[in-house]
Protein chains: 2
Amino acid sequence: MNRLPVAERREQLIEAALAVASRDGIDAATVRAVAAEAGVSLGVVHYCFQDKDELLRAMAHAITSANLERSLGELPLEATDPESVIESVIDALWTGIRESRGPQLLSYELTTSSLRHAELNQVAIEQYRGQWAAAEQVLDLVERSAHVSWSVPRGTLARTIVAVVDGFSLAWLVDGDSEAARNGLQGFGRFLATVAIPASLEADAAATLA
Amino acid sequence: MNRLPVAERREQLIEAALAVASRDGIDAATVRAVAAEAGVSLGVVHYCFQDKDELLRAMAHAITSANLERSLGELPLEATDPESVIESVIDALWTGIRESRGPQLLSYELTTSSLRHAELNQVAIEQYRGQWAAAEQVLDLVERSAHVSWSVPRGTLARTIVAVVDGFSLAWLVDGDSEAARNGLQGFGRFLATVAIPASLEADAAATLA
DNA sequence: GGTTGTCCTGGTCGATTGTCCAAGTCAAGT
DNA sequence: ACTTGACTTGGACAATCGACCAGGACAACC
């Protein structure tokens, strides 16, 4: 095999761990399986990572980042009325989820594992801090492109968004009913629209005054 | 130790497995740990269960039943207006959840494990079929005691309820913020009230006609 | 060309796991 | 009292795991 500087080898092993764990579950991501997936001999893993836990933490960090990029990457916004903006945002979000079943399931496995094993202590809370922040960014986006503000505190609303997406995603992982998940999320989107108050009047007035 | 007929011994072992797994996680529920928790020697487990998987399936069935009983057991209903009924139902439900952190986390561990391991294939879908049915029963209850019907199909609404409760529960398991979870669920309850249409007129009319 | 340090090899170790078994114990029925 | 069958015991087994190490291979630099 070709020699690599340790930093690049780490990235490769993280990718391999992600592939194994997404495909076969977190329990299948043994040191040996990861080494085999990367086409590397056993000792390399312990040369690049002190622990198996350090590898898992790095993998968790990687998948969390990937999830956030996927959530915020697309978002084509053309419409301006709140209902349409929210609908298209949810559609893009849900499409991203349903196309990554393995990583999605792995995320929940990581969350529960983190809550049980002290070595992965910070993983779960980092996942959710990231998701809550991402949800707030989505709220910002809708605010700006639909010219609305929210009648509910942003933090509360962001937490609700994450909870609802989590809940429907989990149910979809179990029974595979994509239509039910999509419909449920769109129903939540219509609720979201009811707590969006048109800010055009006050905003325009403020802009005019300035 | 005292001798027991195999049926009772099975129940005892299921309880022991539930205790170990709720306290230390599903991975800690090894055959040896369960036997030790029950104060029984190693071979007894394989005398009562063919597999470790059969024990885990029995444990999953037990915790699912327990969760459903907990969700439907209490529910003190005095108020008659939809908002109050829904509020008290959600309060009781959330109280039940926050007082059983271990079993709640174990439920999610079982769900993800079921989705990865073929031996636990049916566990997750049974969990959710039970929860969806329970949510429909709660909707029935609210219907009858608040004299409303729903402007959204029951199945859809039940699925949404389970998703929202799941989502907020998971977030609470991660960051432990009980107030945020309670507020979020009550906010969802107020949304639920908006899709409840007062059926008193038609119901009374129908009753009068009959 | 020799030296130094980085990177890789593949085998070994102890611990833990699920599974199995030969033997022991005890209560019930004859 | 004795036999039968149900229940229990505790050790042994192979498999798998994370961790470790002595040494080989290679590139870069003096």
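First the proteins, then the strands, lettered A, B, ... as listed; each starts at 1. Source: prediction; values computed, not measured.
Atom CG in B:Asp51 sits about 9 Å away from atom C1' in C:dG18, given to the nearest Å. Between the P atom of D:dG18 and the CZ atom of A:Arg57 lies a distance of 15 Å, rounded to the nearest Å. Atom CD1 of A:Ile26 is separated from atom P of D:dC17 by 15 Å (rounded to the nearest Å). Rounded to whole angstrom, the span from the NZ atom of B:Lys52 across to the C1' atom of C:dT17 amounts to 8 Å. Rounding to whole angstrom units, CD of residue B:Gln12 and P of D:dC7 are separated by 13 Å. D:dA19 atom C1' lies 15 Å from atom CD of A:Glu119, rounded to whole Å. For the pair A:Arg10 CZ and C:dT6 P, the computed distance is 16 Å after rounding to whole Å. Distance, A:Leu13 CG to D:dG18 C1': 15 Å, rounded to whole Å.
Applying the 4.0 Å criterion to OP1 and OP2 of C:dT6, one finds that A:Arg9 has every side-chain N and O outside that range. Of the side-chain N and O atoms in A:His46, one or more sit less than 4.0 angstrom from OP1 or OP2 of D:dA19. Taking side-chain N and O atoms only, A:Tyr47 has a distance below 4.0 Å to OP1 or OP2 of C:dC7.
Of the two residues near DNA chain D, A:Asp27 and B:Arg3, the one whose nearest nucleotide lies more 5' is B:Arg3. Annotation: of the two residues near DNA chain C, A:Cys48 and A:Leu42, the 5′-most nearest-nucleotide partner is A:Cys48. Nearest-nucleotide positions on DNA chain C for B:Gly43 and B:Ala28 put B:Ala28 closer to the 5' end.
If you check every strand for non-hydrogen atoms under 4.0 Å, A:Val31 touches sugar and phosphate atoms only. Here B:Ser41 lies in heavy-atom contact (under 4.0 Å) with a base. Counting non-hydrogen atoms under 4.0 angstrom, A:Asn2 reaches the backbone sugars and phosphates but no base.
Ion pairing of A:Arg182 with A:Asp91 is present here, as a side-chain N (NZ or NE/NH1/NH2) and a carboxylate O approach within less than 4.0 Å.
The shortest heavy-atom contact between A:Ala21 and B:Arg116 is O-NH2, 3.2 Å.
With sequence neighbours excluded, the residues satisfying ring-ring contact (aromatic ring centres under 6.0 Å, His included) with B:Phe191 are A:Phe191.
The side chain of B:Arg32 sits closest to C:dT17 out of C:dT17, C:dC7, D:dC7.
A 4.5 Å side-chain heavy-atom check between B:Ile97 and B:Arg70 finds at least one atom pair inside the cut-off.
Each ring-ring contact (aromatic ring centres under 6.0 Å, His included) pair with one or both residues in residues 117-138 of chain B, not counting sequence neighbours, appears once here: B:Tyr128-B:Trp132.
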